[in-house]
Peer 1: 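Take this structure, written in structure tokens, and hold onto it; I'll ask about it next.
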Protein chains: 2
Amino acid sequence: MPKPPTITDVADEAGVSISTVSRHMRGDRVRAAKRIDRAIARLRYRPSPAARSLKSGKTGAVALVVPDVTNPFFAAVVRGAESITAQGRHIIFLANTDESDDREAAVIEDLLSRVDGMLLAPASESDPNPQRLADAGVPTVLIDREGPSAGCFDVVLVDNYGGARSAVEHLLSLGHERIATIAGPVGSTPGRLRLEGYSATMADAGIDPPSAFVQPGGFMEHGGYQAMMQLLALPDPPTAVFVANNLMTIGALRAIKDIGVRVPDDLSIIGFDDHPFSEILDPPLTVVGRPMEQQGALAMRMLLSRMSENPGRMARRVVLDTHLIQRASCSPPRENPMSIPQGARALINKFPKHPHPERGSPDGSGRKRTGTTLERRN
Amino acid sequence: MPKPPTITDVADEAGVSISTVSRHMRGDRVRAAKRIDRAIARLRYRPSPAARSLKSGKTGAVALVVPDVTNPFFAAVVRGAESITAQGRHIIFLANTDESDDREAAVIEDLLSRVDGMLLAPASESDPNPQRLADAGVPTVLIDREGPSAGCFDVVLVDNYGGARSAVEHLLSLGHERIATIAGPVGSTPGRLRLEGYSATMADAGIDPPSAFVQPGGFMEHGGYQAMMQLLALPDPPTAVFVANNLMTIGALRAIKDIGVRVPDDLSIIGFDDHPFSEILDPPLTVVGRPMEQQGALAMRMLLSRMSENPGRMARRVVLDTHLIQRASCSPPRENPMSIPQGARALINKFPKHPHPERGSPDGSGRKRTGTTLERRN
DNA sequence: ACCTTACCTGAAAACGGTTTCAGAAACGGT
DNA sequence: ACCGTTTCTGAAACCGTTTTCAGGTAAGGT
């Protein structure tokens with residue numbers, strides 16, 4: 001374990017002072033340039049980031065704080081952000097917050113003094129953490145979600161409202177009226193806006209959906225599962241469902257599969273966020289798509305510019321467009337109301353309002369659909 | 001932008017020397033403890049990581065270098081690793097290498113002096129980078145892939161060979177003989193071992209598959225797509241395919257869907273690595289599963305212990321078990337050879353051996369299946 | 001030769017902590 | 001009251017850079 005060489009070693013080797021070496025590294029013209037380069041190469045010298053940032057106050061690092069890297073959307077954001085820093089001289093700290101304000105506070109506290117800037121997807125809109133960052137003077141760009149002090153931060157959003165609207169309008173145009181939604185937490189920007197988009201579009205169409213048609217799913221897979229179960233258990237179930245995020249869509253589709261409902265014959269489904277798998281589902285899933293990697297890349301670009309430019313500049317607010325990707329999970333509603341198989345109804349009733357702890361046992365994964373006896377119901 | 005308080009400010013405020021403050025922070029008994037705490041709270045003092053690591057030589061950070069966070073497997077690994085450090089006093093640098101040795105070298109060079117340890121999934125087995133880390137004295141744990149100097153590094157693998165074997169044995173037990181595989185790069189540990197598992201199991205069964213039954217897919221989605229196209233174009237196509245990773249499986253399924261082959265009637269499919277979507281595919285996908293988050297968590301635990309314990313300890317090599325998750329994408333082979341629809345054959349021929357640059361145009365995602373009459377429903 | 005200007009250089013002072021060292025204060029036993 | 005311990009303390013050195021400052025040297029004009 002030979003200790004790494006310092007600038008002093010290089011200076012000695014090259015027969016100059018450390019100041020000269022330092023200047024050479026910075027790019028200044030220096031007489032001994034060649035000798036210094038040789039010394040650096042021979043010694044395999046790398047300047048110490050710690051010493052450097054102690055002196056300069058800059059760390060050369062950027063933090064990226066997201067609720068969950070496992071969510072393909074945030075994975076894409078990470079990738080997009082990373083693709084920008086990769087070319088420049090910044091590296092990325094990554095942290096998960098598990099959608100918790102407290103965890104987020106802890107994470108931020110940790111990262112605060114280690115970075116020159118931060119990309120943050122706040123857990124909720126009431127989250128006080130962005131303000132904390134502002135107080136500490138850390139340049140910050142919010143991703144996908146707005147904070148409580150909206151307007152004070154750079155932020156990169158997508159048109160959640162418009163996306164939801166286009167989804168619901170698509171369903172309306174197919175002739176659906178009994179349209180339900182599985183919504184995210186209203187405390188988060190996407191959760192709130194996608195729900196508002198749904199509600200407004202329904203209202204515009206002159207439809208006042210029953211309150212049970214808005215099911216909270218918490219942006220989690222099992223929440224989507226439960227929510228869909230609730231919808232299917234309704235005496236008068238919807239003919240179409242707009243599921244407001246990718247994870248919940250998986251859960252909802254699992255529920256649909258468990259019950260044996262046919263898509264799109266019995267029920268039309270439209271999700272939010274595309275995924276490679278969406279295309280190979282049967283039927284291929286219609287979704288609201290958005291430029292995910294671009295969202296991350298753009299946010300990182302904005303952060304870098306905010307870090308280098310005048311920091312007092314007005315906050316920028318970018319809203320990216322969504323686009324409807326029509327596949328085959330939506331069709332006109334059937335004339336007769338959908339029928340839920342007998343055995344399935346028992347299964348539905350096993351999932352009442354209260355959240356269940358986790359996804360079922362590992363073995364449950366192989367479960368085949370239940371019986372197929374049909375029972376009319378309205 | 002009030003400059004953050006330093007230890008000197010705290011010392012002044014508390015009326016002691018900086019040494020005393022420093023000792024108090026470290027946990028030593030100190031008379032002025034209470035006053036110091038008050039000063040710290042009042043000033044919102046946070047010690048500077050830069051100064052700290054300059055003196056101590058420790059950074060409190062750990063690097064996690066993976067080929068691609070967008071791959072659900074690595075996303076899970078990140079999450080697992082993160083769940084371990086979250087409790088302790090380390091934070092994570094994340095970097096993608098895009099499966100390139102060169103990019104990896106650059107990334108590592110950057111990270112080298114900023115971390116106390118590194119978790120690395122090397123791009124290839126001939127990758128010289130782990131050795132570079134060893135030379136630099138950075139504690140390193142390899143994830144999922146072994147380096148050239150196997151045995152010199154701690155490493156957390158899964159039983160790739162056994163997993164592949166169980167997949168192929170499953171197909172054999174169903175009566176298949178014409179079993180093909182879509183393999184990863186043989187230069188990588190999982191690619192090589194999963195292929196070896198396939199080959200050995202076939203040999204044990206007394207079967208010598210034609211060489212065209214081993215299609216390289218490069219662990220990428222479009223590679224899996226092409227590979228499956230190749231297999232389907234064979235005059236005598238396989239009755240079952242073992243796809244050696246998750247991304248390639250998506251591509252393979254897209255190809256299958258595009259051509260209109262029925263699973264499992266025409267072709268049995270088994271993938272490697274489970275995914276929430278696998279369960280809701282039609283038919284649900286049979287896969288070789290493995291504990292992904294645990295793999296990341298375990299690797300991180302090993303790294304932390306290696307960093308704290310005697311660094312000269314023998315390298316540990318952990319191999320985690322895989323498990324077969326039987327769903328519905330495999331069945332006994334049909335008696336008559338599968339028939340490829342006429343129109344589809346033209347499509348197949350559009351994808352010859354040479355790799356195509358990227359996944360088709362963004363708009364291609366909405367493509368409906370080509371004109372075949374094969375409609376399937378159960 | 002001499003002075004100016006333009007470069008380039010090395011010594012030294014930061015940056016904000018940790019750690020060593022020697023000494024001061026408190027303590028306990030006689 | 002004295003001495004030997006133990007516990008606590010502040011001054012100062014150090015970690016590896018960057019940056020300021022005051023020269024020093026070479027080039028250019030007279």
Side-chain angles (χ1 to χ4, degrees), chain A residues 1-37 39-40 43-61 89 91 110-116 136-138, chain B residues 1-37 39-40 43-61 89 91 110-116 136-138:
Chain A
M1 41 167 197
K3 282 212 313 192
T6 75
I7 197 174
T8 311
D9 299 327
V10 175
D12 289 352
E13 176 91 5
V16 293
S17 77
I18 62 170
S19 338
T20 303
V21 177
S22 177
R23 271 187 287 256
H24 174 59
M25 305 239 52
R26 190 219 286 157
D28 286 11
R29 287 203 58 77
V30 149
R31 264 191 269 282
K34 228 177 135 182
R35 256 181 307 143
I36 297 180
D37 278 336
I40 288 176
L43 268 41
R44 294 169 149 280
Y45 166 72
R46 305 241 64 199
S48 142
R52 202 170 258 201
S53 63
L54 173 58
K55 185 68 182 134
S56 67
K58 293 294 157 206
T59 62
R89 291 258 62 80
I91 55 185
D110 252 25
L111 256 26
L112 207 53
S113 37
R114 297 172 169 266
V115 298
D116 300 333
V138 177
Chain B
M1 44 166 191
K3 282 211 314 190
T6 75
I7 197 172
T8 311
D9 300 326
V10 175
D12 289 352
E13 175 91 5
V16 293
S17 77
I18 61 168
S19 339
T20 303
V21 177
S22 176
R23 273 187 285 255
H24 174 59
M25 306 240 49
R26 190 218 286 157
D28 285 11
R29 285 203 59 76
V30 150
R31 263 191 270 281
K34 227 176 136 182
R35 256 180 308 145
I36 297 179
D37 277 336
I40 288 176
L43 268 41
R44 294 171 148 279
Y45 167 71
R46 304 239 67 197
S48 141
R52 204 173 259 203
S53 62
L54 174 57
K55 183 67 179 135
S56 67
K58 294 295 156 203
T59 62
R89 290 258 63 81
I91 56 188
D110 251 26
L111 256 25
L112 207 55
S113 37
R114 297 172 169 266
V115 298
D116 299 333
V138 178

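All values below come from the heavy atoms of this structure, side chains included, with hydrogens, waters and symmetry mates left out. We name chains A, B, ... by the order of the sequence lines, and we start the count at 1 in each one.
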Peer 1: Return whichever of A:R23 or B:R46 has its heavy-atom-nearest nucleotide of DNA chain C closer to the 5' end.
Peer 2: A:R23
Peer 1: Is there a side-chain contact between B:S56 and the phosphate of C:dT18, meaning an N or O under 4.0 Å from OP1 or OP2?
Peer 2: no
Peer 1: Considering only side-chain heavy atoms of A:P47, which listed nucleotide, D:dG10, D:dT17, C:dT19, is closest?
Peer 2: D:dT17
Peer 1: Whole Å only: how far is the CG atom of A:D9 from the C1' atom of D:dC15?
Peer 2: 13 Å
Peer 1: Between A:K55 and B:S17, which is nearer to the 5' end of DNA chain D once each is assigned its nearest nucleotide?
Peer 2: B:S17
Peer 1: In whole angstroms, how far is the P atom of C:dT19 from the CD1 atom of B:I7?
Peer 2: 11 Å
Peer 1: Take the protein atom CG of B:D28 and the nucleotide atom P of C:dT18, then report the distance between them rounded to whole Å.
Peer 2: 11 Å
Peer 1: Using whole Å, report how far CD1 of A:I18 lies from P of D:dT20.
Peer 2: 15 Å
Peer 1: Is there a side-chain contact between A:R31 and A:T20 in this structure, where contact means two heavy atoms from C-beta onward sitting under 4.5 Å apart?
Peer 2: no
Peer 1: Rounded to the nearest angstrom, tell me the gap between atom CZ in A:R31 and atom C1' in C:dA6.
Peer 2: 11 Å
Peer 1: When you check the phosphate oxygens OP1 and OP2 of D:dG10, does a side-chain N or O of B:T20 lie under 4.0 Å from one of them?
Peer 2: yes
Peer 1: Can you tell me how far C1' of C:dG17 sits from CG of A:L54, to the nearest Å?
Peer 2: 8 Å
Peer 1: Does a nitrogen or oxygen in the side chain of B:R29 sit under 4.0 Å from OP1 or OP2 of D:dC8?
Peer 2: yes
Peer 1: Roughly, in whole Å, what's the span from NZ in A:K3 to P in D:dC14?
Peer 2: 12 Å
Peer 1: Quick one: do A:I7 and A:S22 satisfy side-chain contact (heavy atoms from CB on, under 4.5 Å)? Show the steps, please.
Peer 2: CA-CA 8 Å; A:I7 197 174; A:S22 177; 3.9 Å; yes
Peer 1: Ignoring backbone atoms, establish whether A:R52 has a side-chain N or O less than 4.0 Å from OP1 or OP2 of D:dT18.
Peer 2: yes
Peer 1: Rounded to the nearest 0.5 Å, how far apart are OG1 of B:T59 and CG of B:L54?
Peer 2: 12.5 Å
Peer 1: Considering every strand shown, what is the Watson-Crick or G-U wobble mate of D:dA27 when both distances are under 3.5 Å?
Peer 2: C:dT4
Peer 1: Separation of B:M25 atom CE from C:dG16 atom P, in whole Å?
Peer 2: 16 Å
Peer 1: With side chains defined as the heavy atoms from C-beta onward, is the minimum distance between A:D37 and A:H24 less than 4.5 Å?
Peer 2: yes
Peer 1: Over all heavy atoms of both residues, which pair between B:I91 and A:D110 is shortest? Give the atoms and the distance, please.
Peer 2: CG2-OD2, 3.8 Å
Peer 1: Using a cut-off of 4.0 Å on non-hydrogen atoms, how would the nucleic acid contact of A:S48 be classed: base, sugar-phosphate, or nothing?
Peer 2: sugar-phosphate
Peer 1: Does C:dG16 have its OP1 or OP2 closer than 4.0 Å to a side-chain nitrogen or oxygen of B:T6?
Peer 2: no
